[in-house]
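See structure below.
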Amino acid sequence: MKTAALIVAGGEGKRFGSPLPKQFVKLNGKEIFIRSVELFYQSSLIDCVVLVMHPDWVARALSILKNYGLKRVEVVAGGESRQQSVHKGLNALSRYKPHKVMIHDAARPLFNANQIEEILSYVKPGKGAVIAEKITDTIYQAEDGILLKVLDRRKLWKAQTPQCFIFEEILRAHEKALSDHFLDATDDATLYMKYGGEVTLLSSRSPNFKITAQTDLQIAESYLIKLEE
Ligand SMILES: Nc1ccn([C@@H]2O[C@H](COP(=O)(O)OP(=O)(O)OP(=O)(O)O)[C@@H](O)[C@H]2O)c(=O)n1
Ligand SMILES: C[C@](O)(CO)[C@H](O)COP(=O)(O)O
């Protein structure tokens, strides 16, 4: 049975604040989206890869993928939101009839691909698996800068990606969300759980933070320099 990877790179990177969308910015000499695609493309456990790219940058992405010899990556145009982009990517994947799918932010290029097998082992009918990070700080709930409540951090995690599911189940969850006009989910586990799925959280074995601001890029570079020494 096939396993697919869906890499979402359809955003504009507004918080990064550069004319080039952050997924095209080079991290130690290689574009961030290429690093994320390669994590899955180079895995023997992944049978097909779809990259969802911002519509204005599809041609540029295709040319860069070709330069890296990443021939078997299908590129589709993303939507206005991450949720729409994922849905477009899932529709593109349908023709490959995958059994499982790993949905990953292109903006998380540091993910440790050695965890692919472990994550997939948790994915079963009705059960998804998501890489997340346990909270170590005290977490406040506030309104207008006034502390309202201190939350129990023992029960709190920071969602990351990949987020992995039985393909038909997460596709159905996205379709139901669309028909229910539930359109502002910021991740896929939200939809999966809303429509009855159970999600297992797994800690990342390496830094797996999202490149959101320019400072994140500098942190990622110093980590990679050490790793690739
Ligand atoms: N319409 C969108 C919005 C986001 N994403 C992708 O979802 C991931 C996480 O989103 P985020 O870090 O918020 O990226 P951007 O939306 O580009 O960032 P910003 O909010 O700063 O514009 C990224 O890989 C991004 O490319 C997407 O595929 N389609
Ligand atoms: C999917 C995600 O990376 C999990 O933390 C996050 O929700 C993406 O949010 P963004 O606003 O699209 O970066």
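The model shown is predicted, which means the values in this text are computed figures rather than measured ones. The analysis underlying the following values was restricted to heavy atoms, covering all of them including side chains, and did not include hydrogens, waters or symmetry mates. Counting starts at 1 for both ligands and their atoms, in listed order.
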Could you identify the single nearest non-hydrogen protein atom to atom 14 (O) of ligand 1 and state the distance to 0.1 Å?
Lys22 NZ, 3.3 Å
Any ion pair linking Asp187 and Arg82 (charged N to carboxylate O, less than 4.0 Å)?
no
For a 4.5 angstrom cut-off between non-hydrogen side-chain atoms, does Thr200 reach Val130?
no
For the residue pair His87 and His174, does the interplanar ring angle fall in the parallel (under 30°), tilted (30 to 60°) or perpendicular (over 60°) class?
tilted
Ion pair present between Arg60 and Glu31, side-chain N to carboxylate O less than 4.0 angstrom?
no
Can you name the atoms of ligand 2, numbered from 1 with element, that are less than 4.0 Å from a heavy atom of Arg108?
2 (C), 3 (O), 4 (C), 5 (O)
Specify whether the nearest protein heavy atom to atom 22 (O) of ligand 1 is under 4.0 angstrom away.
yes
Please list, in number order, the atoms of ligand 1 under 4.0 Å from a heavy atom of Arg15.
11 (P), 12 (O), 13 (O), 18 (O), 19 (P), 20 (O), 21 (O)
For atom 8 (C) of ligand 1, what is the closest protein heavy atom, and at what distance to 0.1 Å?
Asp105 OD1, 3.5 Å
Note: ligand 2 atoms sitting under 4.0 Å from heavy atoms of Asp187 are 1 (C)
Heavy-atom donor-acceptor pair, Ser43 side chain to Leu39 backbone, under 3.5 Å:
no
Among the heavy atoms of Ala9, does any lie under 4.0 Å from an atom of ligand 1?
yes
Counting only heavy atoms not in Lys66, do more than 12 sit closer than 6.0 Å to its NZ atom?
no
Numbering the atoms of ligand 1 from 1, which are under 4.0 Å from a heavy atom of Ala107?
24 (O)
Which bit of Gln84 is near ligand 1, meaning a heavy atom under 4.0 Å away: side chain, backbone, both or neither?
neither
Relative to the heavy atoms of Lys14, which atoms of ligand 1 are at a distance of less than 4.0 Å?
19 (P), 21 (O), 22 (O)
At a 4.0 Å threshold, what atoms of ligand 2 neighbour a non-hydrogen atom of Arg82?
1 (C), 12 (O)
So which heavy atom in the protein is nearest atom 16 (O) of ligand 1, and how far is it from that ligand atom?
Gly11 CA, 4.0 Å
Of the protein's non-hydrogen atoms, which lies at the shortest distance from atom 3 (O) of ligand 2, and what is that distance?
Asp105 OD2, 2.5 Å
Quick note on ligand 1: atoms under 4.0 Å from a heavy atom of Glu80 include exactly 1 (N)
For Ala159, the ligand 2 atoms whose distance to one of its heavy atoms is below 4.0 Å:
4 (C), 5 (O)
Heavy-atom count check: over 12 atoms from other residues, nucleotides or ligands less than 6.0 Å from Leu147 CG?
yes
For ligand 1, note which part of Ser85 has a heavy atom under 4.0 Å away: side chain, backbone, both or neither.
side chain
Proximal candidate to atom 9 (O) of ligand 2 [heavy atom criterion; set Ile131, Val130, Thr190, Thr186]
Thr186
Around atom 15 (P) of ligand 1, find the nearest protein heavy atom and jot down its residue, atom name and distance.
Gly13 N, 3.8 Å
Going hydrophobic residue to hydrophobic residue with side-chain gaps under 4.5 angstrom, can you get from Ile166 over to Leu171?
no
Distance to the ring centre below 6.0 angstrom and angle to the axis at most 45 degrees; does that hold for Lys2 and Tyr96?
no
Have a look at Arg15, Gln163, Lys158, Lys210 and point out the one with the heavy atom closest to atom 11 (O) of ligand 2.
Arg15
Does Val8, backbone or side chain, put an N or O under 3.5 Å from an N or O of ligand 1?
yes
Looking at Lys127, I'd like to know if its NZ atom is crowded, meaning that more than 12 non-hydrogen atoms belonging to other residues, nucleotides or ligands lie closer than 6.0 Å.
no
Step through the shown structure and confirm whether more than 12 heavy atoms of other residues, nucleotides or ligands are within 6.0 Å of CD on Gln141.
yes
Is the count of non-hydrogen atoms from other residues, nucleotides or ligands lying under 6.0 Å from Lys158 atom NZ greater than 12?
no
Please check if the number of heavy atoms outside Gln214 that lie under 6.0 Å from its CD is greater than 12.
yes
Where is the nearest protein heavy atom to atom 28 (O) of ligand 1: which residue, which atom, and how far?
Gly10 N, 2.7 Å
re atom 1 (N) of ligand 1, the protein heavy-atom contact at minimum distance is Gly79 O, 2.9 Å
